[in-house]
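Notes follow the structure.
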2 protein chains.
Amino acid sequence: MPKIQFDRQDVLEKATSLFWREGYSATSMQALFEVTGLKPGSVYLAFGNKEGLFKESIDFYGKRSVEYLQAKLSNDDTIEQGICELLLSLVDESTQTDYCSCFLLKSQLELDNQTSLKQHIADYLLTIENVYSNRLATIYGEEEAKQKAASIMVHIFGIRVYGYHTNSKEQILGSLRLGLSWLPWSQLAH
Amino acid sequence: MPKIQFDRQDVLEKATSLFWREGYSATSMQALFEVTGLKPGSVYLAFGNKEGLFKESIDFYGKRSVEYLQAKLSNDDTIEQGICELLLSLVDESTQTDYCSCFLLKSQLELDNQTSLKQHIADYLLTIENVYSNRLATIYGEEEAKQKAASIMVHIFGIRVYGYHTNSKEQILGSLRLGLSWLPWSQLAH
DNA sequence: TAGTTTTTTGAACAAGCATTCAAGATGTTG
DNA sequence: CAACATCTTGAATGCTTGTTCAAAAAACTA
């Protein structure tokens with residue numbers, strides 16, 4: 001029954017990239033047609049409308065983020081060391097020239113309370129927090145794990161905003177060491 | 001020479017409120033006309049264009065924030081206790097129903113790199129960081145004061161995002177106590 | 001190959017956007 | 001009071017927005 005169509009993943013990748021950089025409101029459908037190479041009718045048949053395409057872009061980004069996080073935290077010998085490495089890669093990311101923070105974070109702040117999208121995004125953020133929490137619960141008590149996970153999330157949000165207008169990598173690293181002093185920073189190479 | 005005009009402060013207060021809630025792109029000039037009670041011509045004569053009105057709204061909010069911060073941190077007997085109280089008020093703020101994070105933070109993330117506004121906003125955020133840094137430098141060494149100020153900023157950004165989609169006041173408070181453990185949390189009433 | 005279903009096309013739509021401007025109102029000055 | 005400078009008005013501007021739809025193309029079915 002299904003006929004060949006455009007590469008949905010490819011289109012979502014391009015749409016996500018544009019929404020991420022420009023934001024929801026500032027991204028026009030016309031710009032999306034150009035960047036994806038699709039014509040109006042195709043987009044509206046496949047995604048319904050602008051909000052539908054945006055929602056799928058959020059899903060594309062959100063699922064990828066959660067999967068990446070889970071993989072990263074299950075591979076490492078110790079959980080805490082894995083968290084350190086992950087945070088360090090976020091710091092590196094934040095000093096790149098084309099850095100545009102986190103798509104989920106930006107969208108969460110941009111979207112009005114009216115849209116159901118806001119809760120949808122919040123769910124992804126909570127899922128990420130739970131990944132940290134569950135991993136930490138294998139070392140600490142449940143309450144302590146939850147509290148530490150929350151502190152990690154606060155720091156991630158913090159540096160993703162801080163890194164958006166400041167380029168001092170040292171300052172950001174110092175803040176992580178100071179605020180998350182219970183992590184094994186010293187055990188990492190350089 | 002000057003003829004009576006509309007109350008500029010009042011207009012800026014209303015425009016700020018709308019920009020803050022909706023964001024720059026999602027706020028239409030028509031909506032600004034309605035909320036301020038001004039007609040197109042008046043706005044364009046007084047502020048130039050949409051970006052001009054937005055810039056003055058940022059100034060209105062930014063200056064108010066810096067002044068409030070300076071007043072708060074100079075009145076209290078000890079600096080660190082003052083910082084604690086300030087952070088606690090931010091936590092309270094974040095659990096209110098009409099909470100819409102920080103205007104500077106939201107705008108910083110929404111605006112594209114192309115506009116000069118981005119640096120203008122960054123300047124306000126750096127000014128705020130310097131207020132913390134300078135006050136802390138009276139207790140700690142200069143480097144340590146700077147590092148602690150950066151950590152405070154990371155926490156403020158963090159809870160202003162975290163509080164946007166989570167309502168658990170206890171979790172946010174716990175994160176502050178955990179990440180900023182060098183502050184005198186226990187010396188505060190309740 | 002003929003028939004059916006699905007996808008693509010691109011022009012067209014109305015609504016909303018930021019902005020302009022000439023005319024009228026209002027206050028100040030001489 | 002007259003002359004002037006400034007501010008306000010609100011309709012009109014041209015452009016962009018998100019979205020639609022009938023016709024053409026393409027892919028599958030029998």
Side-chain angles (χ1 to χ4, degrees), chain A residues 1-60 107 110-112 114-118 120, chain B residues 1-60 107 110-112 114-118 120:
Chain A
M1 220 141 354
K3 323 275 169 92
I4 68 147
Q5 217 180 335
F6 56 84
D7 184 344
R8 203 176 176 90
Q9 290 298 102
D10 182 54
V11 164
L12 281 174
E13 174 122 37
K14 285 165 177 167
T16 298
S17 176
L18 191 63
F19 274 132
W20 186 0
R21 190 158 13 94
E22 312 275 351
Y24 178 75
S25 292
T27 301
S28 67
M29 291 302 286
Q30 210 139 319
L32 286 163
F33 300 148
E34 283 166 23
V35 86
T36 60
L38 296 182
K39 308 287 166 179
S42 300
V43 174
Y44 278 86
L45 184 73
F47 301 99
N49 54 17
K50 186 183 179 183
E51 193 173 316
L53 178 54
F54 183 76
K55 184 177 177 300
E56 289 217 32
S57 297
I58 287 286
D59 288 333
F60 180 79
S107 303
E110 183 190 351
L111 292 175
D112 204 340
Q114 73 196 31
T115 58
S116 63
L117 277 168
K118 208 196 152 207
H120 191 63
Chain B
M1 223 149 337
K3 322 275 169 96
I4 67 145
Q5 219 180 332
F6 55 83
D7 184 344
R8 202 176 177 91
Q9 290 299 101
D10 182 55
V11 164
L12 280 174
E13 175 123 36
K14 285 165 176 165
T16 297
S17 176
L18 191 62
F19 275 131
W20 185 1
R21 190 157 15 93
E22 312 275 351
Y24 178 74
S25 291
T27 301
S28 68
M29 290 302 287
Q30 211 141 319
L32 286 162
F33 301 148
E34 282 166 23
V35 85
T36 60
L38 296 183
K39 307 288 165 176
S42 301
V43 174
Y44 279 85
L45 185 72
F47 300 99
N49 54 19
K50 187 183 178 183
E51 193 172 315
L53 178 55
F54 184 75
K55 185 178 178 297
E56 289 217 32
S57 297
I58 287 287
D59 287 333
F60 180 78
S107 303
E110 184 191 352
L111 291 176
D112 203 340
Q114 73 197 33
T115 57
S116 64
L117 276 168
K118 208 197 153 205
H120 191 64

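Letters go in sequence order (proteins before strands), and every chain restarts at 1.
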- request: Calculate the interatomic distance between B:Glu34 atom CD and C:dG16 atom P; express it in whole Å.
  value: 12 Å
field: Closest nucleotide among D:dT19, C:dT19, D:dT17 to the A:Gln30 side chain
entry: D:dT17
message: Quick check for you: among C:dT8, C:dG10, D:dT9, whose closest atom lies nearest to any side-chain atom of B:Lys39?
response: D:dT9
query: Any side-chain heavy atom of B:Asp59 sitting closer than 4.5 Å to one from B:His120?
result: yes
query: Is any side-chain nitrogen or oxygen of B:Tyr44 closer than 4.0 Å to OP1 or OP2 of C:dT19?
result: yes
query: Of all the choices, D:dA11, D:dT8, C:dG10, which nucleotide is nearest to the side chain of B:Pro40 once you look at every atom?
result: D:dA11
task: Please tell me which of the listed nucleotides, D:dT8, D:dG10, D:dT19, lies nearest to the side chain of B:Leu45?
output: D:dT8
message: Rounded to whole Å, how long is the line connecting atom CZ of B:Phe47 with atom P of D:dT8?
response: 11 Å
message: OP1 or OP2 of D:dG18 versus the side-chain N and O atoms of A:Lys50: is any pair under 4.0 Å?
response: yes
- prompt: Rounded to the Å, how far apart are B:Leu32 CG and C:dA18 P?
  reply: 8 Å
task: Report yes if at least one side-chain N or O of A:Ser28 is closer than 4.0 Å to OP1 or OP2 of D:dT17; otherwise report no.
output: yes
- prompt: At their closest point, which heavy atom of A:Phe60 faces which heavy atom of A:Glu13, and how far apart are they?
  reply: CE2-CA, 3.7 Å
Gap between atoms CE and P, on A:Met29 and C:dA14 respectively (whole Å): 20 Å
task: Check whether NZ of the Lys or CZ of the Arg A:Arg8 lies under 6.0 Å from the centre of the six-membered ring of A:Phe47 and within 45 degrees of that ring's axis.
output: yes
query: To the nearest Å, how far apart are A:Leu38 CG and C:dT7 C1'?
result: 11 Å
field: Where B:Leu12 and B:Ser57 come nearest, the two heavy atoms and their spacing
entry: CD2-N, 4.0 Å
CG-CG distance between B:Leu38 and B:Leu32, expressed to the nearest 0.5 angstrom: 9.5 Å
query: CD of A:Glu51 versus P of D:dT17: gap in Å, rounded?
result: 18 Å
query: Mapping A:Ser42 and A:Ser25 onto DNA chain D by nearest heavy atom, which one lands closer to the 5' end?
result: A:Ser25
field: Interatomic distance where CZ belongs to A:Arg8 and C1' belongs to C:dT7 [whole Å]
entry: 13 Å
message: Between the opening five pairs and the closing five pairs of the helix from C:dT1-D:dA30 to C:dA23-D:dT8, how far apart are the helix axes, to 10°?
response: 10°
query: Hey, what do you get for CZ (B:Phe19) to OG (B:Ser107), rounding to the nearest 0.5 Å?
result: 9.0 Å
message: So B:Thr27, base contact, sugar-phosphate only, or nothing? Heavy-atom distance under 4.0 Å.
response: sugar-phosphate
- prompt: Of all heavy-atom pairs between A:Leu117 and A:Glu51, which one has the smallest distance, and what is that distance?
  reply: CD1-CG, 3.5 Å
statement: Which of C:dA11, C:dT8, C:dT19 is nearest the side chain of B:Asn49? It is C:dT19
